[in-house]
Amino acid sequence: MADTTGNTRDVGVPGGTDSAPRKSSWRYIGPGIVVAATGVGAGDLVATLIAGSNFGYTLLWAAILGCLVKISLAEACGRWHLSTGRTLFDGWASLGRWTTWFFAVYAVIWGFVYGAAAMSSSALPLQALFPDVMDLEWWGIACGLVGLVFVWFNKYDVFEKVMTVLVGVMFVVTVYLAVRVTPNLGDAFAGLLPVLPDEKDSVLNTLGLIGGVGGTITLAAYGYWVNAKGWTNTGWMKVMRLDNRVAYATTGVFVIAMLLVGAELLHSANIAIASGDKGLMQLGDILEEEYGTATGKLFLIGFFATSFTSLIGVWHGVSLMFADFLARQRGEREARGDELASGRRERSWAFRAYLLWLTFPPMILLFQDEPFRLIIVYGVLGAAFMPFLALTLMWLLNSSRTPREWRNGPLSNTMLAVAGLLFLVLCVKQVWDQPWSEFF
C-alpha cells in the first residue's frame, strides 16, 4: 500500500495480507475512548466551568475548536504508528539525542508531581462521599494503590473495558447536569460564532481554553494504545480515524456540557469558583443546594470517574511510553508496534518500574507542601510538551521516515501548524508567568 520509493530504509511497515484495509466499524472502537477519558481530567472540567462562569456561552466555539485541534494531533500520532510500524518515541529518537534528554527529564519530574496530583484529585470526591472513613491523604494513597494493582495485573483489553465503563459514568453525569440546568439554546448557538469576550487578556484566555482541554502527554500515548489494541499496520488506518473522531466527539460532549453548567448555574448567578479540584468541590456544594442531595452525590461520582480514569490512563499509557523509551535506549530494533500488540511491554520490568515511580514517591507530596522549585520546573516542562509534540509530528510526517502515501497533506499540515503555534504561545506565557524571582 505504501509508496516505498526514495529513502525508506528506516520505515518498518508491516506487510502481508494482514495489512488489507479493514472497514471502519463501531465495534472496533476502543483506544479513542481511553484517550478521551485520560485526557479530560478534573482540571480540564474546572477550566471549562470557569470559562462558562466568566464569559457565559461566548467561548463555546473555542472549546469546540480545541477538540478539532486535538483530533489532528491524535490522528497524526496514530498515523505514524500504523504507517511505519514504529512507535512515536522511536521517531523522536531519529530526530536527535535532544529528544531523548527532553523525554527523560520530563518523564521523571512530570511523573513525580503528576502522581501526587492524580491521587489527590481522585481522593477528594471519595472523602466527600464518605467523610468519616479516613483522611484525604489516605484516600489518595488508596487510589494510587488500586490504580497500581489494576494496571500491574491486567493487560490492555481489560483496561479498555474498565475505562469504557467509567467513561459511561462521566457521560451520563455531565449530560444530566447540562440538561438539569436548562440551558438557553439560543445563546448557546450564538456561542458558536468566533467572538472574543470584551475582557482584559481575552485572547490569552481564549487560547488557553482551546489548548487546555484534553491536551496532555496522553495524546502521544494514543498511538501506543492503538498498537496495544492489536492495530499494527495501515489496514487499520480507517478504523483508527473513526476511533479518533469518536474520542474527541466524546471530549466535546464533556466540554460543552460543563460550559453549559458554568454559563447557566454560575454566570447567571454571578458565582465564582476556585481553579483546580477545589472548584469542583464548590460546584458539588452549589448543585446540592440548587437541585438536592441526589444531584450533588451524582456529581461527586462523576467527579471521581473523571479523576480516576485520568489516573489509571496515565499509569498505563505513560508507562508504555517509558518502557518503549528504555527499550530504545538498550538498542532494541524490532518492530515496536508488534511488540506492543503482543502485550510483552506491559509485562516488562521498565513498564512496572515506571508504575512504581508514579505511585510510591509521589505519596510523600500528599503529606507535605509541594516543593516550590519542583512545581515551577514541572509547569515549564508540561507547557513545553505540547509544542514539542505538534512540531516533531510535523517533522516526522513530512519526511522520508514516513511512507509517501501517509505523509501529511495540506489540511494535516495546517492543523499541526496551528496546534504548534497555539501551544508555543501558551508555553511562552506559562514560562513568563512563573515566579522566577523566587526560584533562585
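One is the number of the first residue; the rest follow in order along the sequence. From a predicted model like this one, the values you see are computed outputs, not experimental measurements. Side-chain atoms are counted along with the backbone in the values below, which use heavy atoms only and exclude waters and symmetry mates.
- Atom-to-atom distance recorded for Asn413:CG and Asn408:CG is 4.5 Å, nearest 0.5 angstrom.
- Applying the salt bridge (Lys or Arg N to Asp or Glu O under 4.0 Å) test to every pair with at least one member in residues 420-433, sequence neighbours left out, gives these pairs: Lys429-Asp433.
- Pairing each heavy atom of Pro387 with each of Gly420, the nearest pair is CB-O, 4.3 Å.
- By the 6.0 Å contact criterion, CZ on Arg245 is open, its count of non-hydrogen atoms from other residues, nucleotides or ligands being 12 or less.
- For the salt bridge (Lys or Arg N to Asp or Glu O under 4.0 Å) condition, the pairs that include at least one residue of residues 222-235, sequence neighbours left out, are Glu160-Lys229.
- Note that CH2 of Trp92 is 8.0 Å distant from CZ of Phe89, once rounded to the nearest 0.5 Å.
- Here the closest non-hydrogen pair linking Thr218 and Gly39 is OG1-CA, 3.6 Å.
- Atoms CG and CD, from Leu82 and Glu75 in turn, are 9.5 Å apart once rounded to the nearest 0.5 Å.
- The heavy-atom pair separating Pro362 from Ala116 by the smallest distance is CB-N, 3.3 Å.
- Formation of a donor-acceptor pair under 3.5 Å by the Thr414 side chain with backbone atoms of Pro410 is found in this model.
- Residue Ile286 holds its CD1 atom at 12.0 Å from CE of Met281, rounded to the nearest 0.5 Å.
- For Trp357 (side chain) and Val108 (main-chain N/O), a donor-acceptor pair under 3.5 Å exists by modelled atom type.
- Between the CG atom of Asn54 and the CG atom of Leu49 there is a distance of 10.5 Å, given to the nearest 0.5 Å.
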Donor-acceptor pairs are to be reported for all side-chain atoms of residues 299-323 against protein atoms at under 3.5 Å, with residues two or more places apart or in another chain.
| from | atom 1 | to | atom 2 | distance (Å) |
| --- | --- | --- | --- | --- |
| Thr306 | OG1 | Gly302 | O | 2.9 |
| Ser307 | OG | Ser121 | O | 3.4 |
| Ser307 | OG | Ser121 | OG | 2.7 |
| Ser307 | OG | Phe303 | O | 3.2 |
| Thr309 | OG1 | Ala37 | O | 3.2 |
| Thr309 | OG1 | Ala305 | O | 2.8 |
| Thr309 | OG1 | Thr306 | O | 2.9 |
| Ser310 | OG | Thr38 | O | 3.1 |
| Ser310 | OG | Thr306 | O | 3.3 |
| Trp315 | NE1 | Thr359 | OG1 | 3.0 |
| His316 | ND1 | Trp225 | NE1 | 3.0 |
| His316 | NE2 | Glu346 | OE2 | 2.8 |
| Ser319 | OG | Trp315 | O | 2.5 |

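- The environment of Phe171 atom CZ is sparse: at most 12 non-hydrogen atoms of other residues, nucleotides or ligands sit within 6.0 angstrom.
- Under the 3.5 Å distance criterion, with hydrogens and angles disregarded, no donor-acceptor pair is assigned to the side chains of Arg401 and Thr84.
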Using distance only, find each side-chain donor-acceptor pair of residues 59-68 under 3.5 Å and give its atom names and separation, not counting sequence neighbours.
| from | atom 1 | to | atom 2 | distance (Å) |
| --- | --- | --- | --- | --- |
| Trp61 | NE1 | Thr58 | O | 3.2 |
| Trp61 | NE1 | Val195 | O | 3.0 |

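- Not a single donor-acceptor pair under 3.5 Å links the side chain of Arg345 to the backbone N or O of Glu339.
- The minimum heavy-atom distance between Gly91 and Leu396, with the atom names listed, is O-CD2, 3.4 Å.
- Here the shortest heavy-atom pairing between Trp98 and Leu95 reads NE1-O, 3.3 Å.
- Taken to the nearest 0.5 Å, the CG atom of Leu88 stands 6.5 Å off from the OG1 atom of Thr392.
- Across all non-hydrogen atoms, the minimal contact from Gly30 to Tyr156 is C-OH, 3.7 Å.
- Listed by chain and residue number, nothing satisfies the ring-ring contact (aromatic ring centres under 6.0 Å, His included) test with Trp139 (two or more places apart in sequence, or in another chain).
- Listed by first and then second residue, the salt bridge (Lys or Arg N to Asp or Glu O under 4.0 Å) pairs that reach into residues 295-313 come to none, sequence neighbours excluded.
- Note on ring orientation: taking the six-membered ring where Trp is involved, the planes of Phe102 and Phe388 are tilted (angle from 30° to 60°).
- Looking only at distances, a side-chain donor or acceptor of Trp80 sits under 3.5 Å from a matching main-chain atom of Thr87.
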